[in-house]
2 protein chains.
Amino acid sequence: MSVNQREIGRRTLFAEIRRHGRIPRINLAELTGISRATVTTITAELLREGLIEEVMSESSDKGRGRPKVDLKVRGAARLIAGGKISNRSVSLVLLDFEGTQLAGHEVELDQTAHESGELAALLAGHVGELAEKIDRSLADVAGFGLGIAGIVDAPRGFVHWSPSLTARNVEFGKILTATLGIPVFLDNDANLVAMAEKSFGLGQGHSDFIVVTIESGVGMGVVINDEIYRGTRGCGAEFGHTKVQLEGALCRCGQRGCLEAYVADYALLREAMSASGGQDSRQVEELLAAAKGGDAVAGSIVERAGRMFAMGLANLVNIFDPELIILAGEQMQASHLYAEEVIEVMRKLIVQVDKAPPEVVVHKWGNQMWARGAAAYALDNVSELALQEMKDHVA
Amino acid sequence: MSVNQREIGRRTLFAEIRRHGRIPRINLAELTGISRATVTTITAELLREGLIEEVMSESSDKGRGRPKVDLKVRGAARLIAGGKISNRSVSLVLLDFEGTQLAGHEVELDQTAHESGELAALLAGHVGELAEKIDRSLADVAGFGLGIAGIVDAPRGFVHWSPSLTARNVEFGKILTATLGIPVFLDNDANLVAMAEKSFGLGQGHSDFIVVTIESGVGMGVVINDEIYRGTRGCGAEFGHTKVQLEGALCRCGQRGCLEAYVADYALLREAMSASGGQDSRQVEELLAAAKGGDAVAGSIVERAGRMFAMGLANLVNIFDPELIILAGEQMQASHLYAEEVIEVMRKLIVQVDKAPPEVVVHKWGNQMWARGAAAYALDNVSELALQEMKDHVA
DNA sequence: CTTATTTAATTTGATTTACAAATTTAATCC
DNA sequence: GGATTAAATTTGTAAATCAAATTAAATAAG
């Protein structure tokens with residue numbers, strides 16, 4: 001409503017600069033449809049504000065005429081932090097405003113669930129420490145994005161439930177903001193993987209895709225129209241607890257037939273245990289190896305997990321019809337689910353149209369990707385804040 | 001990008017007028033944040049163009065001062081047609097630009113599947129006839145919205161497959177536009193029910209909701225952010241073919257375990273038949289009545305359908321987390337699935353958060369609702385066209 | 001019946017903003 | 001060193017918004 005035209009121009013140009021990394025004004029004018037005159041005016045404002053900077057074009061332009069001057073986001077403009085709380089560790093990263101990583105940090109935790117105040121204080125300490133690594137302080141951080149497992153109402157920063165917190169229904173976002181003294185942006189960890197894929201990973205350039213993650217649980221992040229889709233309660237997309245079997249296997253959420261109850265580590269181990277009458281104490285890795293080696297029992301357990309997973313994926317496709325599905329996970333942990341045979345079963349289970357089924361890609365990465373996704377989320381929010389501030393500065 | 005500010009203003013004001021039915025300028029200014037001066041200018045343009053008209057305010061305002069003058073969409077500005085192709089019939093409606101129904105029509109068809117050219121010609125004839133009922137002609141119709149079952153790529157007007165067409169992969173939208181000589185907007189019928197609910201029904205005022213329909217198949221329309229969500233292939237939301245059972249019952253789509261294969265009419269009858277060893281030839285109504293009357297076999301068939309349906313619904317909730325689910329259907333046809341017990345099972349199957357589960361409402365209506373939804377779709381598109389045209393007129 | 005009051009709508013004048021066209025800048029080519 | 005080329009900026013104009021002043025149309029008061 002009260003978004004005047006100039007603000008729109010600033011936003012589109014800044015976003016375009018960010019997307020391209022480095023780009024000269026004339027291309028900005030072409031791509032956005034904004035006149036060259038206005039591009040000059042607006043980029044001058046952004047330069048004055050320090051959000052962007054000029055760089056001599058390094059593209060091999062041997063042409064005549066005045067050479068292009070590239071514009072890029074000014075990395076030094078803001079300092080961004082991102083973090084992800086895992087089972088018994090915290091990963092943290094520090095990015096500059098361009099998105100390049102300045103520092104990273106892994107912290108072991110002695111327990112899984114924490115009291116929210118303690119956890120906030122602990123995070124404040126570690127983010128501060130990380131900042132000091134590059135001779136900055138916690139107060140210099142313009143925003144901190146944090147990913148946490150569980151059911152999170154992101155816009156409100158409210159945690160309905162999380163395995164990392166001892167209490168339910170915590171205003172964790174507010175607690176964090178108060179403790180750290182800087183803006184904190186909290187979200188479900190699966191959403192932040194989607195964010196990471198969109199900003200740095202395989203989702204770049206895609207406006208609609210789904211990311212499925214398998215850690216200890218099964219998570220999902222949905223990007224629709226270039227934005228992360230969060231249901232109305234702020235906590236949609238509980239893919240792991242979609243039901244794949246009526247009155248099926250018991251899930252740790254207390255319900256029956258959840259997808260997670262068939263594909264998660266604990267589910268596989270539980271089955272192996274019961275098949276052997278309580279004798280089997282193998283780890284997941286061993287079980288998978290045994291399945292590969294021809295062990296019939298292990299094979300059937302793993303195979304069923306794969307079929308269930310394929311069915312869950314197919315349902316996603318039937319409902320969302322995405323152009324891309326990214327199966328994201330740490331290392332090889334869930335490789336049996338990401339196997340080509342599983343994807344093939346999925347393809348058979350989706351509605352058959354004379355059109356290519358969605359592309360399915362597997363993206364394996366380390367622990368820090370989660371934290372980078374969280375930072376990307378903060379980066380988005382801080383950029384928005386920075387542009388918001390300009391309204392007042394210029395006026 | 002070449003959307004100038006004035007166009008934005010026109011759009012927001014026109015949309016606001018449409019939403020409120022009748023509203024004075026001063027309230028428009030307040031609601032949209034556009035200044036009173038600009039509201040005067042823009043509404044003057046819209047009046048001159050004939051898209052809106054002034055009506056003396058009938059709101060019981062006994063206050064002093066200059067009385068408010070309400071603005072409303074000018075019904076006579078455009079004539080809109082909507083249609084829906086059912087199994088062996090076509091429903092058609094004619095609306096004015098305000099959305100009030102001017103005429104309706106039901107046509108019997110002698111067959112289910114049609115050759116696309118013939119069907120187009122047939123529709124052209126009947127829409128023309130309907131127009132003549134109110135002393136207008138086919139050429140006076142500004143746009144025709146048509147709903148058809150099957151898999152439709154709405155933006156392209158392309159039908160991948162439909163039970164109403166003999167051929168697959170038909171450019172049916174283009175054929176219709178050519179045959180009728182007016183703009184035609186084609187969509188999947190379930191999407192158009194969502195459209196109808198949003199424009200005239202229970203979805204009014206909701207920006208995010210899901211509509212589930214049960215006719216012969218199970219359909220779904222999804223509204224996200226005030227817009228109908230269509231996957232990337234234009235054909236998302238195949239709720240009826242989400243899988244609820246691995247290697248389950250055979251569906252008419254050729255796959256196994258589809259929701260539809262458990263809840264559709266033919267599925268119920270098939271089961272009754274096989275339970276009785278081929279002796280049972282009851283109709284669905286009889287089967288439902290028998291179940292109510294205590295017949296154990298019928299009861300278990302109906303009950304399982306309900307449980308499967310609840311599971312499918314719960315999966316929708318777990319994935320979308322909508323604020324509202326509308327179960328829309330013709331009359332009592334699917335009442336066994338819409339029963340409170342089924343909804344209760346669904347509530348138990350969704351992820352439990354300390355927050356109210358989505359509201360579920362049942363909306364029963366007649367055949368013409370589909371056609372009205374199609375007309376609403378056309379209305380949207382024609383409004384857009386009309387505003388587009390203004391650019392040239394004013395310039 | 002006339003005047004004051006109140007509120008909606010319009011008009012006016014100033015300001016913002018975007019853009020086309022003209023100009024300047026900075027390079028290469030000959 | 002001038003001609004040429006292309007990017008970026010400056011200039012002048014047109015479009016569009018808005019605050020403030022004005023007009024319009026009603027009721028209330030005297």
Side-chain angles (χ1 to χ4, degrees), chain A residues 1-13 16-17 20 22-48 52-72 390-395, chain B residues 1-13 17 20 22-48 52-72 387 390-395:
Chain A
M1 305 293 155
S2 66
V3 187
N4 63 29
Q5 192 135 15
R6 175 53 60 97
E7 265 179 83
I8 297 174
R10 275 201 284 258
R11 251 181 260 276
T12 41
L13 286 179
E16 203 68 18
I17 293 171
H20 285 83
R22 27 174 65 231
I23 182 174
R25 293 184 234 276
I26 188 144
N27 293 9
L28 282 176
E30 268 170 36
L31 287 169
T32 61
I34 296 171
S35 76
R36 285 183 288 172
T38 308
V39 168
T40 294
T41 327
I42 291 181
T43 53
E45 278 177 17
L46 291 169
L47 280 166
R48 207 176 324 122
I52 62 172
E53 61 189 352
E54 291 187 328
V55 199
M56 278 311 122
S57 178
E58 55 182 17
S59 62
S60 55
D61 54 343
K62 324 207 77 174
R64 294 212 272 191
R66 180 172 176 171
K68 302 178 186 184
V69 179
D70 280 347
L71 298 173
K72 62 182 273 294
M390 276 192 70
K391 237 189 316 191
D392 317 326
H393 289 209
V394 174
Chain B
M1 295 300 147
S2 68
V3 188
N4 64 29
Q5 193 135 15
R6 176 51 59 95
E7 266 179 85
I8 297 175
R10 275 201 283 257
R11 251 179 260 275
T12 41
L13 286 179
I17 293 171
H20 286 83
R22 28 173 64 231
I23 182 174
R25 294 184 233 275
I26 190 150
N27 293 8
L28 282 176
E30 269 170 35
L31 287 169
T32 60
I34 297 172
S35 76
R36 285 182 286 171
T38 308
V39 168
T40 293
T41 326
I42 292 181
T43 53
E45 279 179 15
L46 291 169
L47 280 166
R48 207 177 323 121
I52 62 173
E53 60 189 353
E54 292 188 328
V55 199
M56 278 310 122
S57 178
E58 56 182 15
S59 62
S60 55
D61 54 343
K62 324 207 73 173
R64 297 210 270 190
R66 179 173 177 171
K68 301 176 185 185
V69 179
D70 280 348
L71 298 173
K72 63 183 272 294
L387 289 168
M390 277 193 70
K391 237 188 317 190
D392 317 325
H393 288 210
V394 175

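Sequence lines set the chain letters: A, B, ... in the order given, protein chains first and strands last, and positions in each chain run from 1. The structure presented is a predicted model; accordingly, all values stated were derived computationally and were not measured.
- Taking the side chain to side chain contact (heavy atoms under 4.5 Å, CB included) definition, one finds that B/R36 meets it with B/I26, B/A29, sequence neighbours left out.
- With sequence neighbours left out, the side chain to side chain donor-acceptor pair (under 3.5 Å) criterion links A/T41 to no other residue.
- Taking only side-chain nitrogens and oxygens, B/N4 comes nearer than 4.0 Å to OP1 or OP2 of D/dA16.
- Of the candidate nucleotides C/dA20, D/dC18, D/dA16, D/dA16 has the atom nearest to the side chain of B/Q5.
- Checked against side chain to side chain donor-acceptor pair (under 3.5 Å), B/R6 has the following partners two or more places apart in sequence or in another chain: B/E45.
- With sequence neighbours excluded, no residue satisfies salt bridge (Lys or Arg N to Asp or Glu O under 4.0 Å) with A/E30.
- When the side chain to side chain contact (heavy atoms under 4.5 Å, CB included) test is applied to A/E16, the partners found at least two apart in sequence or on another chain are A/R19, A/H20, A/L28, A/L31, A/T32.
- Taking only side-chain nitrogens and oxygens, B/R6 never comes nearer than 4.0 Å to OP1 or OP2 of D/dA15.
- Minimum heavy-atom separation, B/I23 to B/I17: CG2-CA, 4.0 Å.
- Atom-to-atom, CD1 of A/I8 to C1' of D/dT17 comes out at 13 Å; the value is rounded to the nearest Å.
- B/T38 has a side-chain polar atom (N or O) that falls below the 4.0 Å cut-off from OP1 or OP2 of D/dC18.
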Quiz item: What does nucleotides 2-12 of chain D look like as a protein-contact string, B for base, S for sugar-phosphate only, - for none, at under 4.0 angstrom between heavy atoms?
Solution: --BBBBSBB--
